[in-house]
There are 2 protein chains.
Amino acid sequence: MTEPTGRRERKKAQTRQSLADAALELFLERGYDQVGVKDVADAADVSVTTLFKHFPSKEALVFDQDDDLEAALVAAVRDRTPGQSIPQALREHILLKQTQFAVHTTDPRFADFTRMVQETPALRDYAHRMWTRHEAALARAITEAAGAPEDDISCAALARFALEARGLVLRHAEPNRAADEAFALLEHGWAASRPGS
Amino acid sequence: MTEPTGRRERKKAQTRQSLADAALELFLERGYDQVGVKDVADAADVSVTTLFKHFPSKEALVFDQDDDLEAALVAAVRDRTPGQSIPQALREHILLKQTQFAVHTTDPRFADFTRMVQETPALRDYAHRMWTRHEAALARAITEAAGAPEDDISCAALARFALEARGLVLRHAEPNRAADEAFALLEHGWAASRPGS
DNA sequence: TTCGAAAGTTTAGTCATTGCACTTATTTTG
DNA sequence: CAAAATAAGTGCAATGACTAAACTTTCGAA
């Protein structure tokens with residue numbers, strides 16, 4: 001009963017996939033701004049209207065799998081291994097997400113993809129929004145995990161900084177080292193702001 | 001010779017001002033998304049194309065004075081009072097900018113203005129971009145001031161976090177306290193990452 | 001005074017995105 | 001199984017931000 005998929009839903013999923021595939025191919029080939037939604041729709045052999053029934057915007061065509069980032073983020077903080085600090089847990093989670101992502105896409109074009117995202121303002125901003133959208137939830141999780149008062153600012157700050165650190169890490173040649181240093185800064189600042197661990 | 005302003009340039013400046021004024025008034029009255037660029041152009045009695053000759057985008061109508069944020073930011077780090085830490089200098093500079101801004105606008109509608117910016121996604125994002133645009137320059141200034149190697153990640157991280165802190169501070173009821181806590185976190189993290197002050 | 005450049009206008013167009021009315025395929029239900 | 005309900009997909013027109021091109025007016029400098 002986990003897949004009560006009728007023919008209808010299958011076709012829908014297929015159309016969606018065609019669109020995402022066509023979009024990725026065209027964008028990588030010609031560049032995001034050089035491709036219109038019309039081109040993508042044509043390549044997937046559907047109408048433009050249909051495209052927008054599947055994806056809320058042109059940018060969304062690029063970031064297909066938008067699953068439960070938020071839940072995972074909150075869980076990373078709540079269920080961290082005992083003794084591990086919150087900044088450390090976040091560092092691990094963010095690096096994990098990256099490698100998962102890189103592995104999941106078996107395409108050797110993965111490097112081209114990330115480069116394209118970083119070099120296209122519309123996409124960079126969209127990706128940024130996707131992350132920061134969960135800032136409030138992360139802040140709440142941190143507040144709870146730290147047993148801090150409701151509106152503690154350090155917790156909100158840590159949430160935002162940690163999410164921002166991702167962008168910093170992404171564009172560096174050596175992600176692991178970048179993450180280590182950026183989160184070391186947060187780690188020490190956090191420990192100092194919070195006398196009782 | 002500081003103002004060799006001919007009639008021509010005066011008229012140009014006047015047109016620009018009319019546009020900015022009309023835009024602000026209409027936006028505050030009806031809300032940003034409820035006003036089209038056509039409405040603004042009409043209210044200023046110019047054509048839409050003229051509007052775009054003065055402002056590169058609809059959002060730019062709102063943030064008229066975009067002077068030398070970057071130079072000021074870099075100077076705040078380079079010329080900080082001796083003995084003051086870099087995070088402290090940045091905290092002061094950011095709070096200063098805010099109050100300067102608030103005073104400069106004698107309008108009692110100032111509160112409405114900031115509320116509107118925070119509540120309109122397009123404007124929030126634009127303001128954010130205006131700040132983060134100078135991240136690279138700030139990072140370079142910090143690197144120099146700290147005597148760190150060219151690509152030191154802690155410096156880049158501090159630059160980004162400090163700029164992000166502004167958004168955090170802005171939405172809080174008590175900006176000073178928020179700034180104190182957010183920058184305290186950076187202060188301690190920075191000191192720890194940097195053995196020799 | 002004349003001539004070029006700058007400000008402004010009109011017009012027409014691109015591009016993402018939405019609303020509406022319509023067809024077609026697949027379920028669901030009586 | 002035969003409707004009747006549901007949902008995918010289509011075409012078309014429109015909005016709203018923005019741009020390019022060709023043209024007119026107005027300064028300002030030579």
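Letters go in sequence order (proteins before strands), and every chain restarts at 1. Quick caveat, the model's predicted, so the values are computed rather than measured.
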Checking all strands, does A:V40 fall into the base, sugar-phosphate, or nothing category for heavy-atom contacts under 4.0 angstrom? nothing
NZ of A:K58 versus C1' of C:dT18: gap in Å, rounded? 17 Å
Taking the side chain as everything from C-beta on, heavy atoms only, tell me whether A:E25 gets closer than 4.5 Å to A:V35. no
Distance check needed: C:dT9 P versus B:K38 NZ, whole Å only. 13 Å
Would you call the rings of B:Y126 and B:F63 parallel, tilted or perpendicular if under 30° counts as parallel and over 60° as perpendicular? parallel
Length of the line joining B:K12:NZ and C:dT9:P, which is rounded to integer Å: 14 Å
So does A:G36 get a backbone contact from the side chain of A:D39, meaning a donor-acceptor N/O pair under 3.5 Å? yes
Donor-acceptor pair, side chain of A:D68 and main chain of A:A71, under 3.5 angstrom: no
Protein-nucleotides 26-30 of chain C N/O pairs closer than 3.5 Å?
{"unit_1": "C:dT26", "atom_1": "O2", "unit_2": "A:R8", "atom_2": "NH1", "d": "2.9"}
{"unit_1": "C:dT27", "atom_1": "OP1", "unit_2": "A:R7", "atom_2": "N", "d": "2.4"}
{"unit_1": "C:dT27", "atom_1": "OP1", "unit_2": "A:R8", "atom_2": "N", "d": "2.5"}

Over all strands shown, is A:V46 touching base, sugar-phosphate only, or nothing at heavy-atom distances under 4.0 angstrom? sugar-phosphate
Side chains of A:T120 and A:F27, heavy atoms from C-beta outward: is any pair under 4.5 Å? no
Value in whole Å for how far the P atom of C:dC15 lies from CG of A:D42: 13 Å
Side-chain (A:R16) to main-chain (A:H54) donor-acceptor, under 3.5 angstrom: yes
Rounded to whole angstroms, how far apart are CZ on B:R16 and C1' on C:dG8? 16 Å
Taking atom C1' of C:dC20 as reference, at what distance in whole Å does atom CZ of A:F52 sit? 17 Å
Taking for each residue the nucleotide of DNA chain D bearing the nearest heavy atom, is the 5' side occupied by A:T15 or by B:P56? A:T15
In the hydrophobic cluster built from side-chain contacts under 4.5 Å, what are the other members alongside A:L69? none
Chain B contact limits on DNA chain D, taken 5' to 3' with a cut-off of 4.0 angstrom to heavy atoms: D:dA17 to D:dG28
Distance check needed: C:dA25 P versus A:Q14 CD, whole Å only. 15 Å
To the nearest Å, give me how far apart CZ (A:F27) and P (C:dA16) are. 8 Å
Shared ILVMFWY cluster between B:V169 and B:L138, side chains joined below 4.5 angstrom? no
Without swapping roles, check the side chain of A:R166 against the backbone of A:L163 for a donor-acceptor pair under 3.5 Å. no
Taking only the side-chain nitrogens and oxygens of B:S47, find out if one of them lies under 4.0 Å from OP1 or OP2 of C:dG8. no
